[in-house]
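Have a look at the structure below, then the notes.
Remember, predicted model here, so these are calculated numbers, not experimental data.
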Amino acid sequence: MTIRLATKADIPVMMDIYNQAVVRQGITADLTPKTLANREAWFAEHENDEQHPLFAYVNEAGMVVGYGYLGSFIDREGYDQVAELSYYFDHAAQGQGYGTKMVDWLINKALDLHYHKLIAIVAAGNVPSEKILSKFEFTLKGLLPEVMYTGAQFVDVEYWYLDISDRIWD
């Protein structure tokens with residue numbers, strides 16, 4: 001496996017992976033699949049932003065099976081040292097440890113970029129993500145009841161937190 005900076009050529013497969021999560025409902029908070037034009041604009045936001053890199057996860061067969069990124073937690077200068085960690089994988093690639101490897105990679109990149117804290121926002125009940133985050137000592141710091149609509153019901157949203165400030169200088 002390889003984790004590398006995503007390229008424009010990865011956009012269609014990343015769109016397909018994201019849209020799988022949209023269709024499953026209750027994961028992304030998006031209710032309609034994204035278009036190629038939308039994903040191209042999203043990619044352009046990350047492409048030259050060194051603080052918010054976008055990475056592709058390439059399996060042993062050379063196929064992009066997932067991606068992850070460090071995004072803005074809140075787009076205000078006072079939050080610049082906090083990143084929101086996000087990752088998505090093709091349904092066929094889930095359950096193979098790729099998410100764990102991607103989160104490890106993103107934490108190390110966050111350290112390289114001198115982030116102070118990491119946040120992950122997860123729909124309550126997303127057990128695979130809850131388990132992955134717990135492995136890396138993220139702690140559940142907040143629960144917002146019924147704030148995300150899935151298209152069928154309202155669900156709770158969890159805020160997971162990891163303080164990496166003590167690791168920056170190691």
So do [Y] and [X] actually touch side chain to side chain, heavy atoms under 4.5 Å?
X    : Y    : answer
K34  : N19  : yes
S165 : K117 : yes
L36  : M15  : yes
I107 : V103 : yes
F55  : K109 : yes
Q153 : E146 : no
E158 : W160 : yes

Exam field: side chain [X] to backbone [Y], donor-acceptor pair closer than 3.5 Å:
X   : Y    : result
N48 : A44  : no
E84 : A120 : no
T35 : N38  : yes

If the plane angle is over 60° it's perpendicular, under 30° parallel, otherwise tilted; pick one for Y115 and H52.
-> tilted

Hydrophobic clustering (ILVMFWY, side-chain heavy atoms < 4.5 Å, transitive) - are [Y] and [X] grouped together?
X    : Y    : answer
F136 : I164 : yes
V65  : L5   : yes
V58  : Y98  : no
F89  : L133 : yes

Taking only residues two or more places apart in sequence, or in another chain, which ones meet D16 in a side-chain contact (heavy atoms from CB on, under 4.5 Å)?
-> none

Among all residues two or more places apart in sequence or in another chain, which pass the side-chain contact (heavy atoms from CB on, under 4.5 Å) test with K101?
-> M1, Y57

From the list L70, L118, L111, side chain to side chain contact (heavy atoms under 4.5 Å, CB included) partner of L106 resolves to L70

Count the heavy atoms belonging to other residues, nucleotides or ligands that lie under 6.0 Å from CD of E137, then report whether that count exceeds 12.
-> no

Test salt bridge (Lys or Arg N to Asp or Glu O under 4.0 Å) applied to R4 - qualifying residues, sequence neighbours left out | D10

Partners passing ring-ring contact (aromatic ring centres under 6.0 Å, His included) against F43 (at least two apart in sequence or in another chain) = none

Strictly by modelled atom types, are S129 and Y87 linked by a side-chain donor-acceptor pair under 3.5 Å?
-> yes

Hydrophobic cluster mates of F154, side-chain heavy atoms under 4.5 angstrom, ILVMFWY only, any path?
-> L31, Y149

Apart from L144 itself, what residues make up its hydrophobic cluster when side-chain heavy atoms of I, L, V, M, F, W and Y under 4.5 Å apart count as a link, directly or indirectly?
-> F73, I74, Y79, V82, I119, I121, V147, M148, V155, V157, Y159, Y161

Centroid separation Y69 to W42 less than 6.0 Å | yes

